[in-house]
Amino acid sequence: MKKQKLLRRVVFFIMAALATMLLAGCENYIVLNPKGPVAETQYRLIIISIILCLVVVIPVLAMLVYVVWRYRDKPGNKAPYTPEWVDSKTLEIVWWGIPIVIIAILGFFTVRDTFALAKPQDPETKPLTIQVTSLDWKWLFQYPEQGIATVNYIEIPTGVPVQFVVTSDAPMNSFWIPQLGGQTYTMPGMAMGLSLKANEPGEYFGSGANFTGEGFAHMQFKVVAKSQAEFDKWVQSVKQTAPALTKDGYKELAKPGISDKQFYSSFPPELFKEIVDKNGGQYYKQHEHHMKMNQNTNHGDMNHDANQHMEHGANQHEMSGMKADK
Amino acid sequence: MLENIKNFASQFFVTGDPLIYGADVSIVLTTLAIVFVLTYFKKWGWLWREWLTTVDHKKIGIMYIIASLLMLFRGGVDALLMRIQLAFPNMPFLHSEHYNEIFTTHGTIMILFMAMPFMFGLFNIVVPLQIGARDVAYPFLNAVSFWLFFLGAMLFNISFVIGGSADAGWLSYPPLSENQFSPGPGQNFYIWGIQISGIGSLATGINFIVTILKMRAPGMKLMDMPLFTWSVMASCIMIIFAFPVLTVTLALLFIDRFAGAHFFTIDGGGNPMMYINLIWIWGHPEVYIVVLPAFGIFSEIVSTFSRKPIFGYTSMVFAMMIISVLGYFTWVHHFFTMGAGANVNAFFAVTTMAIAIPTGVKVFNWLFTMFRGRIRMEQPMLWTIAFIPCFLIGGATGVMLAVAPADYQYHNSYFLIAHFHQVLIGGVVFAYVAGLIYWWPKMFGFKLNDRLGKWAFWFWNIGFYVCFMPQYALGFMGMTRRLYTYGNWDLGWAPLNLLSTIGAFLMGIGFIFQAWQIIYSIKHGERDVTGDPWDGRTLEWSIPSPAPHYNFAVIPHAAGKDVWWRMKEEMKQGKAKQEKPKLEPIHMPKNSGIPFVMAVFWFIAGFGFTFAPTDITFGETKLTFVWISMAVIGLLGVGLCMLARSFQYDTDYYIPVDEVKRTEASLGRVV
Amino acid sequence: MSQQEAHGSTKAYIIGFILSIVLTIIPLVLVLNHMMSRTALFVTIMVMAVLQFAVQLFFFMHIREGEKPRYNVMALVLGIVFVVTIVAGSIWIMTFNSQVQFA
Amino acid sequence: MAQAVSHHEHHHHEDHESLKVLGFWIFLVTDCLLFGTLFATYAVLYTHANPGQTGKELFEVPVFVAETFILLTSSFTSGLATLAMHKGKLKSLIGWLIVTALLGLAFVGLEIDEFIKLAHEGATISASAFLSAFFTLVGTHGLHVSIGLIWMVAIMIQLGRYGINEVTKRKVTIIGLYWHFLDVVWIFLFTVVYLLGVM
Ligand code: HEA
Ligand code: HEA
Ligand SMILES: [Cu+2]
């Protein structure tokens, strides 16, 4: 039929266009172009899962084409027709079995890496800590050890593990730098950790990945990785040239609105802890003792406990010590 | 005074956008036109008697489907608007707020007001016919369900012109959806629209479980049931266990907004993450709720059009039951990145992947049903054959998402968007369309046009791949969802987005073909005089098309699988003993206006509650009191309707034998 | 009469009532007098609650009766499984803390 | 013929009524899920209380103990009502239902009183997450009981009008189930909210 030929041609054309577009500009596929150990682990998992899926998908597709072609209902089709054949123990065992095996393999890798990534990147090296706060609609980054702060811009030394401590002073967002590693939610009242590392110098794209309202699309930021020396120089220059972030300055910054890159030579030292506390941080205490119903009813005590832990968490110089007791 | 009215109107109605004014005008015009037509042709009584008060499952099913097709249109227009914006991100086409409203309504409408009612429509039309019943277990409740859905959906939809729509995403995560960040009625419309229709869904779940367990024709064992009926069972099991959670979750969010409680706020000790946890306890089962019946539909179609019984029936049933229970244990995969710990993530990653096992079994069984069969490429079969590769790939990307650490890179990116559209469109939409075409003759007595249907099919299919394959690539390029513009980095997203938009429009053309197909076929459709146009296998094909309102003049004895097919075989071999069955008066439920009235009261209550937490004023006076009274009146009305029903004892009647005889004769059957 | 038997007897109701009273008083006394360690107490009173649930089911709601197959029992069992999943699952998932942690 | 129809009808009715009981059971299971979700929320949020406003400080032992015994007794009396019904004793059926409803009313009254007192102490639903969860969980149960009361009255009127027949029998059975179910829920409230609260 003519129409079908036309259709087929259209399909072909579209497929070809698709293929060229997909393949053009490979460096744009940032998720598939990892620059840090976390992203690399995740990349490996992605590849493993793709392969394992293809192991099923391709044969099934091939089978589908074959079956549909072979057994189509046209006069004179000599293929066998067995309307009574409705069951086969062996076959069924085979196709309960195949997915089970594949899922077992994939499950193994998944579990292994889930636990692996839950541990910090090389624990021997002292990490650089950056406190991340997602605001409406911008990112605030504080460098507690260096005493500087930035907005929508991060600079890090290469080869050094970076301990991001993330929270939010606005609706929940998600902190994502695809080339360094996957994201984590920034949640009000919580300070969650994300340990990343850049293997080589470069500029990496970062963004918020969880919708927070009107200005969400503008919550992108740049991550620049350079050598330790250059990083130190940058810190110095920020310290010397940039203004200080005051409490009032923070209030101003936290108001809804979008923002450009900004730099601050200092910030109120307790700011991060205050943000976490103000948004309910004091309520989330339970660490070691899990939240079993029988364990805590003494609420007065509990709050005290929580505050203590928050202080502990906020005391950034103890970060590595804290990890040890985790 | 005038000033006050103006002021009120500007708070109450959505203003300031040509799009909205256009919608206002078209809504008013459409309403007027409908009122005029009904009045002119004196159809009000007919509408009331035949439709608004009906408890006939087939009519209710038809109303469900009409409503859901309208919602598909609305959701589709939303989608096209989004795609236009994304193709030209720097064009001031949609502002951020609009875009946010649109994806929120798109997602909500497509899943809750398109997929769910479409599914219920098919349940209603098919299940009683397939199991040889005269109606569902609770016909009255069935009507209640429908009207709750319908008025819930309407409540949600009017937010477009009154008050403003929700804009916090289709699952409205707090704290964004709390008063602090989303004041105004939009979120309340969302809550009440879904809440009201959700109660209806829950009732439908109960209704069909009891129907299937208790109303089967004599002889039909559970393991003889057609697979569609089984899939309805599996889906309803998930409904009754998942929807109460939704009810509670939305209620808690509303209590936060209305009474200043602190469930999910960031102050007062509220825990927004708990909402995320709860909503997914419902949300994940929800996607299986809509896909399980899709599996059922494909099972029916594959077997009919391959002229072979379904391969591995027992496995198919077990696979569905496993999915329906296991589907309840995977919800955390939607928030792996919340950081609940390696134990939690590992556990839920594995349970999620495990779903691939029973699903895979189904795929293989479909393939082997076709294997050594005789495949007729009729419309329903085409959609089925297109479904398999589409769902296969969509499912495989789902398995990729389930790899928890890798999900840290996919989460909330376009990779995810592509995954779920692939399973939702390739799985759910394709299935429902296939089912609609397949059972259309049973509903209306004529077939849908083949040529137009095939055009629609090709446009949908090609459009689908063109639209969503590039989105996987966009995900790998770091494009996150819910962006109305790309921001200031050029990461090469533009060409793929443009391509994707083109694909969306191809699907749109497909939809136009479908609309055309229906209209054309109403005029020129091929009449189905046999009642069995596809050479079917199950009981629904044994009765005339369209089915008489009592369905079966005589309830058949239905032992074994594929009953109708075997009856036909026997007839062919002349073995069937044509002993005339004795007709008896048929017991049927009476129509009732209560479901409709009750749903209207729910609507009133929902509307009142929607505006109660807002501070809309009339001059100096806050209107809160007015809204609350409205809510109270609505709830009282609902209560009174229930009481009124409780006091009704005369709720059913008998169709005399003569009338049955007459009806059967007019449908060309001798009894 | 057999019909009466099928719906329980006055005696059964009274036994059920007494059991439920006893099962209420025991945990109450235990709690008010802090008779055990917290964990033991917690476990004990939960067990009492479950036993009471069983009493209501068997003595009052006649769960054992009714035509077979007992779909209502199956639904109930599945429902309880899911309730436990929701409660235990939520507690487990929400246990994560505000401290820096690696996840 | 007429005879055949009436026989048929009778049969049909019985079927129909047992059908409704099964549906109601399933409804109760969904209600279990509803309460389960509220319990889960309570369990996650109950430590999020303001100092001085914890269960230990707010709950009054005599009040919730009284509530518990009242509800337990009403569950028993509603059982007696069902029993009377199966014996065909209309009067005692209605009598026991009245007793049950009065007990239910007393329960609801106590609970409202409790809530008002709490509110006066500043412990309102908007005071903290713990109190939000508390009021919602306990209040939902109270709402269920209140609805049950109205419904029970409606059934009593119907019993007065039509006596004991297949339909009213089914209705009494169903409200009995409902009432026992609410008792079960209360037992868990009593244990998880109140006992653990004061522990
Ligand atoms: C009908 C709807 C539907 C269906 C059927 C599915 C099916 C599946 N989904 Fe999907 N999903 C959604 C709708 C659906 N999903 C939606 C709407 C969202 C996003 C919501 C939002 O955030 O807004 C989502 C999100 C989503 C996520 C969250 C991602 C994130 O937010 O980061 C995950 C993660 O695990 C996931 C996984 C899966 C899996 C494993 C399946 C499996 O059931 C698939 C199983 C099927 C197959 C695998 C194919 C056939 C099998 C074989 C032939 C056997 C052999 C195969 C292998 C061994 C690979 N889905
Ligand atoms: C069953 C569910 C379902 C279905 C069928 C669809 C169908 C489609 N969806 Fe949707 N989608 C969701 C469920 C669904 N979607 C959900 C749950 C979300 C998440 C929402 C959220 O983030 O909160 C989402 C989000 C979503 C996004 C992401 C938005 C974002 O994050 O920024 C996009 C973008 O491309 C999209 C596109 C489409 C397209 C092109 C279709 C097409 O299939 C539509 C086909 C088109 C038609 C049927 C149109 C018919 C109309 C005409 C032909 C009339 C033409 C007239 C005029 C233009 C005036 N969808
Ligand atoms: Cu899911």
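Below, each value reflects all heavy atoms present in this structure, side chains not excepted, and no hydrogens, waters or symmetry copies. Below, read A as the first sequence line, B as the second, and so on, with proteins coming before strands; counting in each chain starts at 1.
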Identify the heavy atoms of [X] and [Y] that sit nearest to each other, and give their distance.
| X | Y | result |
| --- | --- | --- |
| D:F64 | C:L28 | CE1-CD1, 4.3 Å |
| C:P27 | D:L195 | CB-CD1, 3.8 Å |
| C:H34 | D:M199 | CE1-C, 4.4 Å |
| D:A43 | C:I91 | CB-CD1, 3.7 Å |
| C:V83 | D:C32 | CG2-O, 3.6 Å |

Which answer fits [X], side chain, backbone, both or neither, if we ask what part of it has an atom under 4.5 Å from a heavy atom of chain C?
| X | result |
| --- | --- |
| D:F76 | both |
| D:L33 | both |
| D:V65 | side chain |
| D:T68 | side chain |

Could you check which of [options] has the highest count of heavy-atom pairs closer than 4.5 Å to chain C?
| options | result |
| --- | --- |
| D:I26, D:V29, D:L28 | D:V29 |
| D:G79, D:G176, D:G36 | D:G79 |
| D:T73, D:V185, D:L80 | D:T73 |

Heavy-atom pairs under 4.5 Å with chain D are the metric here; pick the option from C:A88, C:G89, C:S20, C:A49 that has the most.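 Option with the greatest count: C:A49.
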Highest number of heavy-atom pairs under 4.5 Å with chain D: which of C:I93, C:L41, C:I80, C:V84?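 The option with the most such pairs is C:L41.
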Taking only residues two or more places apart in sequence or in another chain, which ones pass side chain to side chain contact (heavy atoms under 4.5 Å, CB included) with D:S128?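 D:N50, D:F130, D:L131.
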If you round to the nearest 0.5 Å, how far is [atom2] of [Y] from [atom1] of [X]?
| X | Y | atom1 | atom2 | result |
| --- | --- | --- | --- | --- |
| D:L83 | C:Y13 | CG | OH | 5.5 Å |
| D:T30 | C:F82 | OG1 | CZ | 13.5 Å |
| D:L196 | C:R38 | CG | CZ | 9.0 Å |
| D:F181 | C:L76 | CZ | CG | 9.5 Å |
| C:L23 | D:T191 | CG | OG1 | 10.0 Å |
| C:I25 | D:F69 | CD1 | CZ | 4.5 Å |

Hey, are the side chains of C:T10 and D:K87 touching, using non-hydrogen atoms and a 4.5 Å cut-off?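 Yes - at least one pair of side-chain heavy atoms lies under 4.5 Å apart.
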Only distances under 3.5 Å count here; give the side-chain donor-acceptor pairs of residues 53-61 of chain C to other protein atoms, sequence neighbours excluded, each with its distance to 0.1 Å.
{"residue": "C:Q56", "atom": "OE1", "partner": "D:S75", "partner atom": "OG", "Å": "3.1"}
{"residue": "C:Q56", "atom": "NE2", "partner": "D:D183", "partner atom": "OD2", "Å": "2.4"}

From CA spacing to verdict: side chain to side chain contact (heavy atoms under 4.5 Å, CB included), D:V184, C:Q52: CA-CA 8 Å; D:V184 170; C:Q52 273 233 54; over 6 Å; no
Spell out the residues in residues 143-157 of chain D that have some non-hydrogen atom less than 4.5 Å away from a non-hydrogen atom of chain C, in order of number; otherwise answer 'none'.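 Listed by number: none.
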Is chain D contacted by the side chain of C:I14, its backbone, both, or neither, given a heavy-atom distance below 4.5 Å?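 When you check distances to chain D, atoms from both the backbone and side chain of C:I14 fall under 4.5 Å.
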Tell me, please, which residues at least two apart from D:T168 pass side-chain hydrogen bond (donor to acceptor under 3.5 Å, both in side chains).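 Result, side-chain hydrogen bond (donor to acceptor under 3.5 Å, both in side chains) vs D:T168: D:N165.
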